[in-house]
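Here's the structure we're looking at; comments come further down.
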Amino acid sequence: MDITFEEAFLGVEKEVIITRNETCEKCHGTGAKPGTNPIKCPECHGTGQVTQIQNTILGQVQTTRTCGNCHGTGEVITEVCDNCKGKGNIRKQPKIKVKIPAGIDDNQTVVLRGEGDPGSKGGPKGDLYITLRIKKHSIYTRKGNNVLCDIPVTITQATLGAEIEIPMVDGSKETYKIPEGTQTGTKFTIRNKGFKYVNSNNEGDFIFTVQVQTPKRLTKEQRDLLVELAKTMNEQPPVKKKGIFG
């Protein structure tokens with residue numbers, strides 16, 4: 001089943017249509033016509049196996065094989081059910097509701113007990129396994145239970161420091177104050193705002209990386225202000241001094 005990044009983060013209830021065998025409601029899984037019952041196989045006497053003895057030059061050899069008359073069931077149906085044609089089950093496509101827990105990861109599996117095929121001869125139903133595929137997001141990525149994303153800021157915000165709004169996966173916004181002199185590529189962490197751990201109250205973190213945006217178009221006033229700023233600063237970037245080992 002494909003789900004979105006947000007659905008994996010918050011948890012969701014989905015509906016899926018599956019194809020499975022279901023016990024025939026007319027014969028209740030016996031395969032026999034209503035009002036009749038399977039009888040003991042006359043060839044294997046209900047054992048499901050037939051024993052043969054052959055005489056060879058080395059003496060008698062005994063072999064056991066599956067009964068061909070009842071196919072190992074020990075019973076034969078004399079009058080088959082019209083609904084299931086003697087199979088005891090019929091193919092259906094039911095709609096199943098699936099509760100996907102918050103924090104589920106890509107390729108993890110949700111197990112629904114008792115939603116699989118019915119067991120033979122009235123045995124209990126098997127289970128339904130649903131493997132989740134999480135669609136990629138245009139903004140967020142996931143690493144473990146942490147959420148990662150890039151946040152653009154202006155040169156003035158990075159230089160002077162600023163309070164910026166960070167969009168969270170659940171649609172809310174967090175206000176975060178970045179310090180003055182923040183460099184592009186700097187990472188900041190908002191604790192306990194990542195994915196939940198399945199079957200736990202613990203949560204991962206939200207980690208965002210600042211990307212300083214350089215303006216491509218400036219008004220004359222903006223350009224004049226930057227020129228005046230440049231005059232007051234050493235525009236040559238500092239050169240790191242080499243150590244004694246080069």
Side-chain angles (χ1 to χ4, degrees), residues 1-41 43-44 46-49 65-142 144-145 147 169-171 194-201 204:
M1 178 186 292
D2 293 327
I3 61 173
T4 65
F5 195 92
E6 290 87 351
E7 288 172 337
F9 184 86
L10 297 169
V12 67
E13 184 174 274
K14 305 279 279 187
E15 198 171 63
V16 61
I17 298 176
I18 65 169
T19 301
R20 71 180 179 192
N21 291 323
E22 292 192 358
T23 301
C24 176
E25 61 270 12
K26 284 192 176 182
C27 68
H28 306 290
T30 64
K33 186 177 180 179
T36 67
N37 291 304
I39 63 172
K40 184 185 293 186
C41 178
E43 290 195 17
C44 65
T47 62
Q49 294 181 329
R65 60 177 175 82
T66 300
C67 177
N69 188 45
C70 67
H71 305 289
T73 63
E75 295 178 331
V76 291
I77 299 172
T78 55
E79 295 183 72
V80 299
C81 173
D82 294 333
N83 190 44
C84 66
K85 310 303 180 186
K87 294 180 180 179
N89 55 66
I90 55 178
R91 299 292 280 176
K92 285 191 175 182
Q93 291 185 312
K95 292 182 179 180
I96 307 294
K97 288 185 177 181
V98 185
K99 287 186 177 181
I100 300 169
I104 196 79
D105 206 347
D106 194 46
N107 286 323
Q108 286 189 329
T109 301
V110 174
V111 181
L112 300 183
R113 302 296 180 192
E115 293 291 354
D117 279 351
S120 60
K121 293 186 177 181
K125 290 183 178 180
D127 301 328
L128 173 63
Y129 289 75
I130 300 177
T131 300
L132 283 304
R133 293 190 300 262
I134 301 175
K135 298 176 183 177
K136 289 185 178 181
H137 200 278
S138 59
I139 298 174
Y140 308 108
T141 56
R142 179 174 182 171
N145 275 31
V147 176
V169 182
D170 61 4
F195 278 85
K196 292 181 179 178
Y197 287 81
V198 178
N199 300 323
S200 172
N201 292 324

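As a basis for the values below, the full set of heavy atoms in this structure was taken, side chains included, without hydrogen atoms, waters or symmetry mates.
When the shell of 6.0 Å around CG of Asn199 is examined, it contains 12 or fewer heavy atoms from other residues, nucleotides or ligands.
Asp105 and Arg142 are joined by a salt bridge, as a carboxylate oxygen and a charged side-chain nitrogen come within less than 4.0 angstrom of each other. We find that Asp117 and Arg20 are not joined by a salt bridge, their nearest charged nitrogen and carboxylate oxygen being 4.0 Å or further apart.
The aromatic rings of Tyr140 and Phe5 sit parallel to each other, their planes meeting at less than 30°, with 60° as the upper class boundary.
To the nearest 0.5 Å, the span separating CG on Asn145 from NZ on Lys196 amounts to 12.0 Å. With rounding to the nearest 0.5 Å, the separation of OG1 in Thr131 from CG in Asp2 is 11.5 Å. Atoms CD1 and CG, from Ile90 and Asn21 in turn, are 9.0 Å apart once rounded to the nearest 0.5 Å. For the atom pair OG1 (Thr4) and CZ (Phe9), the distance works out to 12.0 Å, reported to the nearest 0.5 Å. Considering CD of Glu25 and NZ of Lys92, their distance stands at 4.5 Å, rounded to 0.5 Å. Separation of atoms NZ (Lys14) and NZ (Lys99) is listed at 15.5 Å; rounding is to 0.5 Å.
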Please lay out, stage by stage, how Ile100 and Glu7 fare under the test side-chain contact (heavy atoms from CB on, under 4.5 Å).
-> CA-CA 8 Å; Ile100 300 169; Glu7 288 172 337; over 6 Å; no

Let me see the working for Thr30 and Asn37 under side-chain contact (heavy atoms from CB on, under 4.5 Å), right down to the final yes or no.
-> CA-CA 8 Å; Thr30 64; Asn37 291 304; 5.7 Å; no

Please assess Leu132 against Gln108 for the test side-chain contact (heavy atoms from CB on, under 4.5 Å), listing each intermediate value before the final yes or no.
-> CA-CA 6 Å; Leu132 283 304; Gln108 286 189 329; 5.7 Å; no

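The closest side-chain heavy-atom distance from Asn89 to Cys84 is not below 4.5 Å.
Of all the heavy atoms in Val76 and Cys70, the pair that sits closest is CG1-CB, 3.9 Å. Contact detail for Leu112 and Ile130: the closest heavy-atom pair is CD1-CD1, 4.3 Å. For the pair Lys85 and Val80, the tightest heavy-atom approach, listed with the atom from each and the gap, is C-CB, 4.2 Å. Contact between Cys24 and Asn83 at its shortest, heavy atoms only, is SG-ND2, 3.3 Å. The two residues Gly29 and Thr23 come nearest to each other via the heavy atoms N-CG2, 3.5 Å. In terms of heavy atoms, Gly48 sits closest to Cys44 at N-SG, 3.1 Å.
Side-chain atoms of Arg133 and Asn107 form no donor-acceptor pair, as typed in the model, at a separation below 3.5 Å.
Without hydrogens or angle criteria, Asp127 side chain to Gly114 main chain gives a donor-acceptor distance under 3.5 Å.
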